[in-house]
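The residues of the chain are indexed from 1 along the displayed sequence. As the structure is a prediction and not an experimental result, all values here were calculated from the model.
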Amino acid sequence: MLNVTYGILSGDLGHAEQCWQHDDSSYSASLKGRAAVAWRELLLEQRSSGRVAGGLPISEQFDETVDKRSYQTLFDPNASAVRQNRNGDPREVPTGGVALDMLALMQFLSLQPDDREAFDVFVVASRGMVSRVTVVQQEPGEVKLPGGTVMARRYRAEARGGELRIDVWISRELRNAPVRFRIVNKGDIFDFLATDVTLDGKQIMRAPPPPPRNPADDSD
């Protein structure tokens with residue numbers, strides 16, 4: 001089981017915790033977090049489940065709650081479509097190819113071979129938005145984390161003329177953990193940076209504790 005806790009950049013506006021577990025036949029993943037957006041608190045909870053085939057995740061169901069609004073997506077690869085209930089509004093969206101939800105996408109990317117440079121997939125993003133995205137592997141580089149600096153492979157998934165952009169940084173040295181992911185969607189920007197990484201109950205990276213507060217700092 002992989003568990004990654006993230007802080008949200010831009011002034012430490014919130015935090016999120018992602019958990020991923022799988023065996024040879026199935027997987028489950030979840031993300032729960034909060035962030036300050038436009039002077040209010042945004043609450044987010046996502047759950048993904050599905051099969052594992054050829055070592056890769058295959059999405060079957062994706063549930064999301066955003067500010068008490070619920071969104072559910074069921075994946076039907078045989079019909080190349082997804083069936084959704086977006087806060088009480090049912091609909092079906094054709095995909096025509098591999099379709100993944102946001103949580104499965106990060107793990108899907110972490111398991112790609114290093115020499116796979118570009119490919120297309122359909123992604124179900126927040127609030128049930130379905131987009132065909134082109135994934136391109138960028139140059140690897142260093143990512144500065146609160147717990148240290150690691151090398152990471154960067155993947156960029158882009159759709160709708162750049163209106164939707166998802167960047168995921170994967171660290172091989174941290175057992176393929178997604179150490180950073182950044183989402184730009186219609187002007188909203190969320191940037192998640194890993195603070196703690198735990199694998200099978202063993203902590204393999206941890207942010208240092210904050211420095212002790214000096215009471216003198218509270219004086220006038």
* To do: Please report the C-alpha distance between V123 and M102 in whole Å, then the side-chain angles of each, then the deciding distance to 0.1 Å, and finally whether the side-chain contact (heavy atoms from CB on, under 4.5 Å) criterion is met.
  => CA-CA 7 Å; V123 173; M102 275 293 305; 4.2 Å; yes

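- Across every non-hydrogen atom of L100 and P57, the tightest pair is CD2-O, 3.6 Å.
- The number of heavy atoms from other shown groups lying within 6.0 Å of CG (D24) does not exceed 12.
- For A81 against T95, the heavy-atom pair with the smallest separation is N-OG1, 3.5 Å.
- Applying the side-chain contact (heavy atoms from CB on, under 4.5 Å) rule to V136 yields the partners A118, T134, Q138; only residues at least two apart in sequence or on another chain are considered.
- Taking every heavy atom of both residues into account, V168 and P178 meet most closely at CG1-CB, 4.2 Å.
- Using the six-membered ring where Trp is involved, F181 and Y6 have ring planes that are perpendicular, over 60° apart on the 30 and 60° scheme.
- Between V150 and L174, some side-chain heavy-atom pair lies under the 4.5 Å cut-off.
- The side-chain hydrogen bond (donor to acceptor under 3.5 Å, both in side chains) check on T149 picks up nothing, with sequence neighbours excluded.
- In this structure, V135 and R116 have side chains that are not in contact, with every pair of non-hydrogen atoms separated by 4.5 Å or more.
- With sequence neighbours excluded, the residues that form a salt bridge (Lys or Arg N to Asp or Glu O under 4.0 Å) with E60 are R51.
- For E45, the salt bridge (Lys or Arg N to Asp or Glu O under 4.0 Å) partners at least two apart in sequence or on another chain are R47.
- Two different hydrophobic clusters hold F190 and L43 under the rule that ILVMFWY side chains link at heavy-atom gaps under 4.5 Å.
- Atoms CD1 and OG, on I170 and S110 in that order, are 5.0 Å from each other to the nearest 0.5 Å.
- Residues meeting the ring pair (Phe, Tyr, Trp, His ring centres under 6.0 Å) test with F122, sequence neighbours left out: none.
- Across Y71 and N87, no two heavy atoms sit closer than the pair CD2-N, 4.2 Å.
- For the ring pair (Phe, Tyr, Trp, His ring centres under 6.0 Å) test, residues two or more places apart in sequence or in another chain that qualify with Y27 are W20.
- Taking NZ of K32 as the reference point, atom OG1 of T65 lies at 10.0 Å (rounded to 0.5 Å).
- Legend: residues meeting side-chain contact (heavy atoms from CB on, under 4.5 Å) with E17, ordered by chain and number and at least two apart, are N3, T5.
- Formation of a donor-acceptor pair under 3.5 Å by the S49 side chain with backbone atoms of S28 is not found in this model.
- Looking at residues two or more places apart in sequence or on another chain, you find a salt bridge (Lys or Arg N to Asp or Glu O under 4.0 Å) between D114 and R153, R172.
- Looking at heavy atoms from C-beta onward, R165 lies in side-chain contact with R156 at the 4.5 angstrom threshold.
- Atom CZ of R91 is surrounded by more than 12 heavy atoms from other residues, nucleotides or ligands within 6.0 Å.
- Defined by atom type and a distance below 3.5 Å, a donor-acceptor pair is present between the side-chain atoms of Q72 and D63.
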* **Working for side-chain contact (heavy atoms from CB on, under 4.5 Å), residues Q203 and D196** => CA-CA 8 Å; Q203 196 161 52; D196 299 86; 3.5 Å; yes

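- Between the OG atom of S171 and the CG atom of N176 there is a distance of 8.0 Å, given to the nearest 0.5 Å.
- With hydrogens and angles ignored, the 3.5 Å screen pairs a side-chain donor or acceptor of Q112 with a backbone N or O of F108.
- Going from atom CZ of R180 over to atom CG of L193 covers 6.5 Å, rounded to the nearest 0.5 Å.
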Contacts table for residues 141-148: side-chain donor-acceptor under 3.5 angstrom, sequence neighbours left out:
none

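- In this structure R83 satisfies the salt bridge (Lys or Arg N to Asp or Glu O under 4.0 Å) test together with D76, E92, sequence neighbours excluded.
- Closest non-hydrogen pair, L111 versus G55, comes out as CD1-O, 3.1 Å.
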* When you look at V133 and V121, which way does the side-chain contact (heavy atoms from CB on, under 4.5 Å) test go after all the steps? -> CA-CA 6 Å; V133 302; V121 294; 3.7 Å; yes

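- In terms of modelled atom types and a separation under 3.5 Å, the side chain of E158 and the main chain of I166 share no donor-acceptor contact.
- To the nearest 0.5 Å, the span separating OG1 on T198 from CG on L2 amounts to 8.5 Å.
- Applying the side chain to side chain donor-acceptor pair (under 3.5 Å) definition to pairs two or more places apart or across chains, those involving residues 124-133 are E64-S126, S131-R160.
- In this structure, CD in Q46 is found 5.0 Å from CG in L103, a value given to the nearest 0.5 Å.
- Partners of T73 according to the side-chain contact (heavy atoms from CB on, under 4.5 Å) rule, which considers only residues two or more places apart in sequence or in another chain, are F62, F75, V82, Q84, V124.
- Nearest heavy atom pair, residue Q18 against residue Q107, reads OE1-NE2, 3.4 Å.
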